[in-house]
Amino acid sequence: MPELPEVETTIRGLNNYLQKGIIEKVNVFRADLRYEIPSDLTQKLKWGTIHSITRRSKYIVVEIDNKNSTFTALIHLGMSGSMQIEKSPTRLNKHDHVEWVIMTSSGRYYLRYNDPRRFGCIVMQQGNAFEVLKSHKLTNKLGPEPLTSDFNSEYLVMKIHNRKSSIKQLIMNQHIVVGVGNIYASEALFLAKVNPHLLGNSITDHQAKLIVVMIKMVLKKAIEKGGTTLRNFVNSEGKPGYFQQELWVYGREGLLCKKCLKVNIEREVIAQRSTFYCPNCQYINKK
DNA sequence: CGTAGCGCCTGCCGGC
DNA sequence: TGCCGGCAGGCGCTAC
């Protein structure tokens, strides 16, 4: 579920409360997520200090110092995950799988990992965040962050110019650029006026420039709005995002295009994922 | 190497 | 009311 803006919103919330916190206890209620949570996680993290909470791609990256060693946890929210902070040990919600009890200078907090579908994961490896991201199988082949200058149109053209997949699939490919998921892929292509069916090898330099600009723009605006809440995404303080009000095409099948006001938004399945576009604004010019 | 398809799992919604 | 199909913000694995 969460794409880059929702994960970014989540880590900003966590950093508001948990900086330099000490992990007093870890409770694992259910370990069978995408990968089994290692059974020594509890013991290894106990009395560790949270050194940093950052984001890489859609992973929440938590670096923890403990005695003479450093560990880094990579937390992925999958399709339906979220993290929430409670100020008191309230009753657990359904699908709360892990809880960290964290003591900070402003008090004790209960951080819960909730994930109904359990497509998310929590993995941990010895080393600091940089070392683990560079070496871990899940993160060592990731493409550039979309909001950095490493992601530019020259790079994108280089990665897609000989690809036969659709541009929609390519911008969702985390080896090409990270963070773009199913909502923001449709939105960015709409803003760039590029039809999602177009193949990578047919994208012009001009279109690549627009795609890059629009990916950056849509992600930045979504972060400002606290992300998109379709069903149940809430940030770490339990509040929803507000970007769904600004969506041009996602989830608007059969509704009038808000830009051209001429035709209805269409939904088609591309690579097993719902794809929304305006057949007028994103018309394919066949020569 | 690139591409296509499957499967992991729970919940919700609409139609009958 | 209940059952069933379809759908859901991700991504790794496999086969070709």
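Each chain gets a letter, A, B and so on, in the order the sequences are listed, and its residues count up from 1.
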Do A/Thr49 and A/Asp65 meet the criterion of a side-chain donor-acceptor pair at a distance under 3.5 Å? no
I want to check one thing: is the phosphate of B/dT3, taken as OP1 and OP2, less than 4.0 Å away from some side-chain N or O of A/Ser165? yes
note: A/Lys168, atom NZ; B/dT3, atom C1'; distance rounded to Å ~ 16 Å
Would you confirm whether A/Thr275, through its side chain, and A/Arg273, through its main-chain N or O, come within 3.5 Å as a donor-acceptor pair? yes
By side-chain hydrogen bond (donor to acceptor under 3.5 Å, both in side chains), A/Ser69 pairs with (sequence neighbours left out) none
Is it the case that the side chain of A/Gln282 and the backbone of A/Lys193 share a donor-acceptor pair, with hydrogens and angles ignored and the cut-off at 3.5 Å? no
When we call it a touch if two heavy atoms are under 4.0 Å apart, what does A/Arg273 touch: a base, just sugar-phosphate, or nothing? base
Base, sugar-phosphate alone, or nothing: which one does A/Ser274 contact when heavy atoms must sit under 4.0 Å apart? sugar-phosphate
From CD of A/Gln272 over to C1' of B/dA4, roughly how many Å is that when rounded to an integer? 7 Å
Side-chain (A/Glu99) to main-chain (A/Asp96) donor-acceptor, under 3.5 angstrom: no
Choose from C/dG12, C/dC11, B/dT3 the nucleotide whose nearest atom is closest to any side-chain atom of A/Leu138. C/dG12
Which of the following nucleotides, C/dG10, C/dA8, B/dT3, is nearest to the side chain of A/Lys58? C/dG10
Is the shortest heavy-atom distance from the side chain of A/Lys141 to the side chain of A/Gln174 under 4.5 Å? no
In whole angstroms, the gap separating C1' of C/dG9 from CG of A/Asp115 amounts to 12 Å
From CD of A/Glu3 over to C1' of C/dC11, roughly how many Å is that when rounded to an integer? 13 Å
Quick one: is A/Arg34 getting a side-chain N or O under 4.0 Å of the B/dG7 phosphate, OP1 or OP2? no
A/Met172 CE to B/dT3 P, in whole Å, measures 15 Å
Verify the contact: side-chain N or O of A/His76 to OP1 or OP2 of C/dC11, cut-off strictly under 4.0 Å; return yes or no. yes
Rounding to an integer number of angstrom, what distance separates B/dT3 and C/dG9 when you compare their P atoms? 22 Å
Reckon A/Ser186 touches a base, only the sugar-phosphate, or nothing at all at heavy-atom distances under 4.0 Å? nothing
Take nucleotides 9-16 of chain B nucleotide by nucleotide from the 5' end and write B, S or -, depending on whether a protein heavy atom sits under 4.0 Å from the base, only from the sugar-phosphate, or from neither. BBS-----
How long is the line joining CD of A/Glu253 and C1' of C/dG6, in whole Å? 12 Å
In this structure, how many angstroms lie between the P atom of C/dG10 and the CD1 atom of A/Ile171, rounded? 12 Å
Are OP1 or OP2 of C/dC13 and a side-chain N or O of A/Lys137 less than 4.0 angstrom apart? yes
Measure from the side-chain N and O atoms of A/Arg252 to the backbone N and O of A/Leu256, and report whether any donor-acceptor pair falls under 3.5 Å. yes
Dot-bracket, DNA chain B: Watson-Crick or G-U, under 3.5 angstrom, [ ] crossing, | other strand? .|||||||.|||||||
Looking across every strand, which nucleic acid part, if any, lies under 4.0 Å from A/Tyr59 by heavy atom: base, sugar-phosphate, or nothing? sugar-phosphate
Parallel, tilted or perpendicular: rings of A/His197 and A/Tyr277 (30°, 60°): perpendicular
Residue pair A/Met83 / A/Ile60, side-chain heavy-atom distance below 4.5 Å: yes
Parallel, tilted or perpendicular: rings of A/Tyr59 and A/His76 (30°, 60°): perpendicular
Whole angstroms only, please: what is the CD-P distance between A/Gln174 and C/dC13? 15 Å
Just call it for A/Lys159: base, sugar-phosphate, or nothing, with non-hydrogen atoms closer than 4.0 Å on any strand. nothing
